Amino acid sequence: MNLTLKVWRQKNANSEGNFQDYKVAGVSEDMSFLEMFDVLNERLINEGDSPVAFDHDCREGICGMCSMYINGEPHGPNKGVTTCQLHMRSFKDGDTITVEPWRAQAFPIVKDLAVNRSAFDRIISAGGYVSVNTGNAQDANALPIGKDHADEAFAAAACIGCGACVAACKNASAMLFTSAKISQLALLPQGQAERTMRAEKMVAQMDTEGFGACTNTGACEAECPKGISLENIARMNREYYGAVLSSK
């Protein structure tokens, strides 16, 4: 396939950016979207130009690093896949593809398509963990967990922290991400000891980072590559209000 890419280029967070057009020829339909960018970058390097900066790591839809707004949709047109799992067979010969970074105040641009998502790390550091003493791990059956709770916790823990929910939201809200991380621990016995502290601190840190509020549009769930449910946001609200009332 022969494609035209309109790619956002920006030197750093303090400089102005713009779209630049690139022609990419001989693209195989079996390439992933990132492999297509590898081909473009190899050509740019050989021509003495600066390659397009973009985040990537595992390229298996697990790590949450890849983050591109493709033709107006986070991770592109396919549902339930990350950018690295998007294959060029989803496009047609002659297509023009517009590629942008995540757009959010809390995700400042590092360069081109790469953004700084350390705000997510700070939300996790505020309370998204279980404090344990060092020593041998408990036996797997020492803490019985109901299957319904185990399944719900597992579904919430599927969140890979890619930030598509923030990019899709008109308010740049991180409620889906934060609620998934709160839910996966609130549903398990290991998370009960720090349950109230976790909800208060993580929500407070989310607000400090400058993410917007949730207005229940549902774009986050629709664009999430792991299908994280809005039910987690409802659970987080219950956890938060319960924590605030109990602390008073």
Side-chain angles (χ1 to χ4, degrees), residues 6 8 33 55 61 64-86 90 97-109 113 115-124 126-128 151-187 198-244:
K6 297 178 70 69
W8 184 263
F33 201 81
D55 284 325
M65 285 296 293
C66 55
S67 51
M68 296 183 185
Y69 222 82
I70 303 167
N71 285 344
E73 292 186 83
H75 295 303
N78 294 350
K79 302 301 180 184
V81 298
T82 56
T83 301
C84 62
Q85 296 174 300
L86 176 67
S90 300
I97 306 173
T98 303
V99 188
E100 305 172 69
W102 288 168
R103 305 287 191 182
Q105 179 182 340
F107 289 163
I109 291 177
L113 304 176
V115 299
N116 184 345
R117 285 171 289 178
S118 60
F120 274 7
D121 296 330
R122 290 188 289 273
I123 292 174
I124 293 295
D151 289 346
E152 287 185 69
F154 187 88
C159 170
I160 57 177
C162 67
C165 52
V166 176
C169 179
K170 62 184 179 181
N171 305 319
S173 172
M175 293 278 275
L176 193 67
F177 165 79
T178 306
S179 66
K181 299 307 177 184
I182 288 175
S183 291
Q184 71 184 60
L185 297 176
L187 289 163
R198 179 181 303 113
E200 282 195 89
K201 288 191 174 181
M202 291 182 72
V203 170
Q205 187 63 41
M206 177 184 68
D207 292 339
T208 300
E209 296 296 340
F211 291 105
C214 174
T215 49
N216 295 314
T217 303
C220 53
E221 181 183 22
E223 298 295 347
C224 175
K226 299 302 176 181
I228 304 300
S229 173
L230 285 175
E231 291 179 3
N232 291 297
I233 295 180
R235 182 179 295 108
M236 182 184 74
N237 288 335
R238 293 194 297 270
E239 292 288 319
Y240 177 75
Y241 289 123
V244 171

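A quick note: this is a predicted structure, and the numbers were derived from the prediction, not measured.
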Under 3.5 Å: donor-acceptor pair, side chain of [X], backbone of [Y]:
| X | Y | result |
| --- | --- | --- |
| Arg198 | Gly127 | yes |
| Ser173 | Met175 | yes |
| Lys6 | Asn71 | no |

Can you give me the closest heavy-atom contact between [X] and [Y], atom names plus distance?
| X | Y | value |
| --- | --- | --- |
| Leu230 | Cys220 | CD2-SG, 3.6 Å |
| Pro225 | Val81 | CB-O, 3.5 Å |
| Ala157 | Gln184 | CA-OE1, 3.4 Å |
| Leu176 | Ser229 | CD1-O, 3.5 Å |
| Ala180 | Ile228 | CB-CG2, 4.0 Å |
| Pro101 | Val115 | CB-CG1, 3.9 Å |

**Study point:** Carboxylate-amine/guanidinium contact Lys79 Glu223, below 4.0 Å
**Key:**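 Glu223 and Lys79: salt-bridged.
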Review point. Between Arg235 and Glu152, does at least one N-O distance fall below 4.0 Å, as a salt bridge requires?
Key: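 Judged by the 4.0 Å cut-off on N to carboxylate O distance, Arg235 and Glu152 do form a salt bridge.
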Distance in Å, [X] [atom1] paired with [Y] [atom2], rounded so as to fall on 0.5 Å steps:
| X | Y | atom1 | atom2 | answer |
| --- | --- | --- | --- | --- |
| Phe211 | Asn171 | CZ | CG | 13.0 Å |
| Ile182 | Lys201 | CD1 | NZ | 13.0 Å |
| Ser183 | Glu231 | OG | CD | 9.5 Å |
| Leu113 | Tyr69 | CG | OH | 14.0 Å |
| Met202 | Asp207 | CE | CG | 12.0 Å |
| Met206 | Met236 | CE | CE | 4.5 Å |

Does the side chain of [X] pick up a donor-acceptor pair with the side chain of [Y] at under 3.5 Å?
| X | Y | value |
| --- | --- | --- |
| Asn232 | Ser179 | no |
| Asn116 | Ser118 | yes |
| Gln85 | Thr82 | yes |

Would you say [X] and [Y] make side-chain contact, with heavy atoms under 4.5 Å?
| X | Y | answer |
| --- | --- | --- |
| Phe33 | Val99 | yes |
| Phe177 | Ile123 | yes |
| Ile70 | Glu100 | no |
| Phe107 | Val166 | yes |

Review point. Lys170 and Thr215: side-chain contact (heavy atoms from CB on, under 4.5 Å), yes or no, with the steps?
Key: CA-CA 9 Å; Lys170 62 184 179 181; Thr215 49; 3.4 Å; yes
Check your understanding: Do Asp55 and Cys66 pass the side-chain contact (heavy atoms from CB on, under 4.5 Å) test, and can you show the C-alpha distance, the side-chain angles, and the key distance before you say yes or no?
Key -> CA-CA 5 Å; Asp55 284 325; Cys66 55; 5.9 Å; no
Check your understanding: For Cys162 and His75, what are the C-alpha separation, side-chain angles and deciding distance, and is it a side-chain contact (heavy atoms from CB on, under 4.5 Å)?
Key -> CA-CA 10 Å; Cys162 67; His75 295 303; 3.4 Å; yes
Exercise for review: Might you work through the side-chain contact (heavy atoms from CB on, under 4.5 Å) test for Ile124 and Asp121, ending with a clear yes or no?
Suggested key: CA-CA 5 Å; Ile124 293 295; Asp121 296 330; 5.8 Å; no
